[in-house]
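The structure appears right after this line, and notes come after that.
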Amino acid sequence: IKGQNSNYKLFWSGNKLDKFGGVGVMVAEWLAKDIIEVVRPAENIMAVKMLLGKQILTVYSVYAPQQGRDEKDKENFWLRLEAEKLPDKCIIAGDFNGKIGKQALGEKMIGRFGSGQRNIAGEALAEFSEQQSFLVSNTYFQHPQRHRTTWEGSFGNKRIFCQLDYILVDSKYRHLL
């Protein structure tokens, strides 16, 4: 893929028939040569493993089923993600289709700057993050709401702004945030 000042390589996973619910990772061409492996465990979960110096970094791209989808689909998404053998140096990024909201009492993986009211999908994300010791890194930085919005829509004549996309980082690397 040609960009303005650079070329990119796109890695994609999804249903080729209806093109619904897929995920992708776009990597600068100069970095693509360091990709060791691309793993596609599901249409909405993929991992790109790359060599950075002497370290291996695994970047997951995910797309959780949105509200209105079958509860079994949502449960299967979390079960598949939990079943992944998440490596030491790992980032999980994507559309989790959940509002994480404010940090709840006792939570260690959610920062002080979550926004909105937590919903059921956000609760699933919070539980996963706590169980797997992954920081929801977006919630550790204070930004205006307009910079945190990753989805907008309307309900009647009211505009709705939400943050549904998150970047999860292993808590061992909290000092790098």
Is the shortest side-chain heavy-atom distance between [X] and [Y] below 4.5 Å?
X    : Y    : value
V23  : S13  : yes
I91  : T58  : no
I110 : Y140 : no
E71  : K74  : yes
N76  : K72  : yes
S171 : F134 : no

* Backbone of G114 reached by a side-chain donor or acceptor of T139 within 3.5 Å -> no
* Hey, is the main chain of I100 close enough, under 3.5 Å, to the side chain of R118 for a donor-acceptor pair? -> yes
Please report the interatomic distance [atom1]([X]) to [atom2]([Y]), rounded to the nearest 0.5 Å.
X    : Y    : atom1 : atom2 : value
D95  : N44  : CG    : CG    : 10.5 Å
L31  : S6   : CG    : OG    : 10.0 Å
F141 : I167 : CZ    : CD1   : 9.0 Å
Y60  : E84  : OH    : CD    : 3.5 Å
K172 : D88  : NZ    : CG    : 3.5 Å
L81  : I45  : CG    : CD1   : 5.0 Å

Considering residues, nucleotides and ligands other than [X], do more than 12 of their heavy atoms fall under 6.0 Å from its [atom1]?
X    : atom1 : value
I120 : CD1   : no
E37  : CD    : yes
K33  : NZ    : yes

* Can E107 and R112 be counted as an ion pair, charged N to O under 4.0 angstrom? ->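 No.
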* To do: Report the C-alpha distance between L125 and L168 in whole Å, list the side-chain angles of each, state the deciding distance to 0.1 Å, and finish with yes or no for side chain to side chain contact (heavy atoms under 4.5 Å, CB included).
  => CA-CA 10 Å; L125 172 57; L168 310 183; 3.9 Å; yes
Can you name the nearest heavy-atom pair linking [X] to [Y], along with the distance?
X   : Y    : answer
M46 : V38  : CE-CG1, 3.6 Å
A64 : F77  : CB-CE2, 3.6 Å
S61 : G24  : OG-O, 3.1 Å
P87 : C90  : O-CB, 3.4 Å
L86 : F128 : CD1-CZ, 4.1 Å

Could you see if [X] belongs to whatever hydrophobic cluster contains [Y]? Use Ile, Leu, Val, Met, Phe, Trp, Tyr and a side-chain cutoff under 4.5 Å.
X   : Y   : value
L10 : Y8  : yes
F11 : L52 : yes
I35 : I56 : no

* To do: Could you go through the side chain to side chain contact (heavy atoms under 4.5 Å, CB included) check for M50 and I36 one step at a time?
  => CA-CA 5 Å; M50 60 181 73; I36 301 167; 5.8 Å; no
* To do: Could you give me the CA-CA distance, side-chain angles and deciding distance for K9 and E29, then say whether salt bridge (charged side-chain N to carboxylate O under 4.0 Å, His left out) is met?
  => CA-CA 6 Å; K9 184 161 183 153; E29 200 171 69; over 6 Å; no
* Asked: When M109 is tested against each of Q103, Q132, R174 for side chain to side chain contact (heavy atoms under 4.5 Å, CB included), which residue passes?
  ->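 Passing option: R174.
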* Asked: How far apart are the C-alpha atoms of W30 and N7, what are their side-chain angles, what is the distance that settles it, and do they pass the side chain to side chain contact (heavy atoms under 4.5 Å, CB included) test?
  -> CA-CA 8 Å; W30 64 269; N7 292 326; over 6 Å; no
* Asked: Can Y173 and K89 be said to form a side chain to side chain contact (heavy atoms under 4.5 Å, CB included), step by step?
  -> CA-CA 9 Å; Y173 302 103; K89 293 179 179 63; 3.4 Å; yes
* To do: Could you tell me how the ring of Y166 sits relative to the ring of F96: parallel (under 30°), tilted (30 to 60°) or perpendicular (over 60°)?
  =>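 Answer is tilted, since the angle falls between 30° and 60°.
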